[in-house]
**Q** 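My questions all concern the structure below.
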Number of protein chains: 2
Amino acid sequence: MSVRERKKRQLAEREQSFLDQAWAMIQADGVLNLQMARLASACEYSVGTLYQHFSSKEDLLVALATRSVGERLELYQRASQWQAPSRHRMLAILLADVLIAQKAPEYFRLAQYVSTHTIWMAASGPRREAALEASQPLGAAVENIVKDAVQSGDVRLYGLSARELSAGLWAMCEGMHSLVSAAGLLEAHSVPRPFQLLMASANAWLNGQQWRPEVALDDVAQQNAVLLQIMDEVFVDFPKTACPVVALKDSD
Amino acid sequence: MSVRERKKRQLAEREQSFLDQAWAMIQADGVLNLQMARLASACEYSVGTLYQHFSSKEDLLVALATRSVGERLELYQRASQWQAPSRHRMLAILLADVLIAQKAPEYFRLAQYVSTHTIWMAASGPRREAALEASQPLGAAVENIVKDAVQSGDVRLYGLSARELSAGLWAMCEGMHSLVSAAGLLEAHSVPRPFQLLMASANAWLNGQQWRPEVALDDVAQQNAVLLQIMDEVFVDFPKTACPVVALKDSD
DNA sequence: ATGTTTTTTGAATCTCATTCATAATTGTCT
DNA sequence: AGACAATTATGAATGAGATTCAAAAAACAT
């Protein structure tokens, strides 16, 4: 019966190669220029075969976004498992997203594009299910931090669930990435260094939740120190120069 | 020379009628099903004429999003000019967006779709400029509140500009609307009543900024009271039943 | 070896956005 | 008014690309 298995595996492999290729093409030319026929022939298959895997282009895009959750998750889990105060771990989650946005701007663009009602609804039902399923571990990683925080008395839930509590920060993070990716918008509103602002704003939110240890809003040095510490201890493999979040007040 | 004037006016009127019709069609069938040819013939003009106004479909969508800023602005200005503590006025801004999202869900979907890198970049440069320009008054309305707040000692800027300070809340608001419009996402993460959560989270952020008068996080009754007051005094013309933000803890 | 089922193929189809040569209208000048 | 020029409007034709599906190939079963 291992024939069945092998078949299935080969199918899955082909699907991955389609996605690999699609990702490469998107990174090179942007989502708008991805063409199904081009993709198929780049993978040395026919369009028909491609359509056996994905019911439509949108379906493929959702699959792609789903798959690339993997890298994000890896960083989230590092943050979640880091031996440090819960508050610092929450900041590490935000920083993870910032680093990804730096490293692969197309990642967030794709995620944003795909979660648009228009595109989202054009994907197949099962594909959407899978995408939601894949995002669960991300939520779980954050939930894990929140639960630790509650347990150690760093924060109180006031009747909310851990997921609900973190949703505010989630929204802030998503929102800032959206604003950033709308070229010119933040500049037009005189908001430079959006990611630094995100971190500062997250600190305000955490303070507002009375998430210990609280940090003085004007103590930029301390806030930066934490971020540098995260870079040193959690995201060592990222160049510190690629971290656009430190130093909100002085220098550049 | 009034001939020139009349011409110009008629041109503008035609453009509006295109946008009116496009908006109606989008509300009925969604962005995905808007067809340029259909739109043109519904307006009793040829496609060519339509293309004299908009360089592409994306261009039209951006124009549409730009125009519908108007209604939003009207609500923002009410919030901005309301005679009430600055903190309440900030909440009124958020509530304005929630009310619009309730009344015309397609508004936020369109805005989100349009601010996608993919669509945004496919619009013409001047159109993008105009869109950014049109969003200025929204920013100004908020900025106005922040400045009042600073003046009356309700909040401190700590070296940020008024716009920068408000960007965190802006991101949170945008982000939550994005999350909401990705069907099933919040449900999958067990986050019901996102708008209530948004308001609660905004309160946390405001507290974190030490924005006076501070509010106890667990005092749901007081938080609700403020929202109801806003509905009563600022958004009287909206049915209170259409306000999905009150009562986070009990009832439904 | 032969028939049957499954997979793959890619040319043909279909849907639209976009263009542009032509027609219609408007404006100008005598 | 009529003749010529400039501007606008038209919609059939074009083009780009997603999607389909009848036919061919491959895999499988007997």
Side-chain angles (χ1 to χ4, degrees), chain A residues 1-15 17-19 21-22 25-26 28-64 113-114 118-124 127, chain B residues 1-19 21-22 25-26 29-64 113-114 116 118-125 127:
Chain A
M1 271 307 105
S2 90
V3 179
R4 270 280 153 75
E5 295 288 307
R6 176 173 50 79
K7 282 268 171 147
K8 200 177 274 182
R9 184 158 35 82
Q10 283 176 340
L11 257 253
E13 272 165 22
R14 192 170 63 185
E15 185 149 323
S17 90
F18 277 135
L19 292 173
Q21 184 63 37
M25 291 173 100
I26 284 178
D29 309 326
V31 181
L32 211 56
N33 296 307
L34 182 71
Q35 283 169 230
M36 297 302 267
R38 241 198 256 297
L39 172 59
S41 85
C43 294
E44 302 182 300
Y45 284 102
S46 68
V47 257
T49 302
L50 179 53
Y51 272 86
Q52 221 137 46
H53 290 272
F54 310 101
S55 69
S56 69
K57 188 178 172 175
E58 287 78 15
D59 200 56
L60 182 145
L61 291 177
V62 172
L64 199 51
Y113 187 58
V114 149
T118 310
I119 305 302
W120 183 249
M121 286 315 193
S124 70
R127 190 69 69 185
Chain B
M1 271 307 104
S2 90
V3 178
R4 270 280 153 75
E5 295 288 307
R6 176 173 50 79
K7 282 271 171 143
K8 200 177 275 182
R9 186 157 34 81
Q10 285 176 337
L11 257 254
E13 272 164 21
R14 191 170 64 185
E15 184 148 324
Q16 289 308 310
S17 90
F18 278 134
L19 291 174
Q21 184 63 38
M25 292 172 99
I26 283 177
D29 309 326
V31 181
L32 211 56
N33 296 307
L34 182 72
Q35 284 169 230
M36 296 302 266
R38 241 199 255 297
L39 172 59
S41 85
C43 294
E44 301 183 301
Y45 283 102
S46 67
V47 257
T49 303
L50 178 53
Y51 273 87
Q52 222 139 47
H53 290 272
F54 310 101
S55 70
S56 68
K57 187 177 174 178
E58 287 78 14
D59 201 55
L60 182 145
L61 291 177
V62 172
L64 198 52
Y113 188 57
V114 149
T116 270
T118 310
I119 304 301
W120 183 248
M121 285 316 193
S124 71
R127 191 69 69 185

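Letters A, B, ... mirror the listed sequences (proteins, then strands); counts begin at 1. Values below: every heavy atom of this structure, side chains too, minus hydrogens, waters and symmetry copies. The structure displayed is predicted, hence computed values, not measured ones.
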**Q** Rounded to the nearest 0.5 Å, what's the gap from CE on A/Met25 to CD on A/Gln35? Could you check?
**A** 7.5 Å

**Q** Whole angstrom is fine here: how far is it from CD in B/Glu44 over to C1' in D/dA9?
**A** 15 Å

**Q** Please check if the number of heavy atoms outside A/Arg14 that lie under 6.0 Å from its CZ is greater than 12.
**A** yes

**Q** What is the distance, to the nearest angstrom, from the CZ atom on B/Phe54 to the C1' atom on D/dA9?
**A** 16 Å

**Q** For A/Glu44, does the CD atom have more than 12 heavy-atom neighbours from other residues, nucleotides or ligands under 6.0 Å away?
**A** no

**Q** Nearest to the side chain of B/Lys57, heavy atoms from C-beta on, is which of C/dT9, C/dA17, C/dA11?
**A** C/dA17

**Q** Please figure out whether A/Gly48 or A/Asn33 has its closest DNA chain D nucleotide nearer the 5' end.
**A** A/Asn33

**Q** From CG of B/Leu61 over to P of C/dT18, roughly how many Å is that when rounded to an integer?
**A** 10 Å

**Q** Could you tell me the separation between the CG atom of A/Leu50 and the P atom of C/dT7, rounded to a whole number of Å?
**A** 17 Å

**Q** When you measure from the side-chain N and O atoms of A/Ser46 to the phosphate of C/dT9, is any distance below 4.0 Å, counting only OP1 and OP2?
**A** yes

**Q** Have a look at B/Ile26 and tell me which of B/Asn33, B/Leu61, B/Leu32 forms a side-chain contact (heavy atoms from CB on, under 4.5 Å) with it.
**A** B/Leu61

**Q** Please pick, from D/dC28, C/dT19, D/dT20, the nucleotide with the shortest atom-to-atom distance to any side-chain atom of B/Tyr51.
**A** C/dT19

**Q** Taking atom C1' of D/dA9 as reference, at what distance in whole Å does atom CZ of B/Phe18 sit?
**A** 10 Å

**Q** Distance check: side-chain N/O of A/Arg14 vs OP1/OP2 of C/dT8, anything under 4.0 Å?
**A** yes

**Q** Considering only D/dG11, C/dA17, D/dT19, which nucleotide approaches the side chain of B/Met36 most closely?
**A** C/dA17

**Q** Which part of the nucleic acid, if any, lies within reach of A/Leu34 when heavy atoms closer than 4.0 Å are counted: base, sugar-phosphate only, or nothing?
**A** sugar-phosphate

**Q** Quick check: do B/Leu11 and B/His53 have side-chain heavy atoms less than 4.5 Å from each other?
**A** yes

**Q** Counting side-chain heavy atoms from C-beta on, which of D/dT10, D/dA18, C/dA17 comes nearest to A/Gln35?
**A** D/dA18

**Q** Please state whether the phosphate of D/dT8, meaning OP1 or OP2, lies under 4.0 angstrom from any side-chain nitrogen or oxygen of B/Gln52.
**A** no

**Q** Choosing from D/dA18, C/dT19, D/dT10, which nucleotide comes nearest the side chain of B/Tyr45?
**A** D/dT10

**Q** Could you check how far CD1 of A/Ile119 sits from P of D/dA18, rounded to whole Å?
**A** 12 Å

**Q** Under 4.0 Å: is that the gap between some side-chain N or O of A/Lys7 and OP1 or OP2 of D/dC28?
**A** yes

**Q** Specify the separation, in whole Å, of atom CD of B/Gln10 and atom C1' of D/dA9.
**A** 14 Å

**Q** Taking CG from A/Asp29 and P from D/dG17, how many angstroms apart are they, rounded to a whole number?
**A** 12 Å

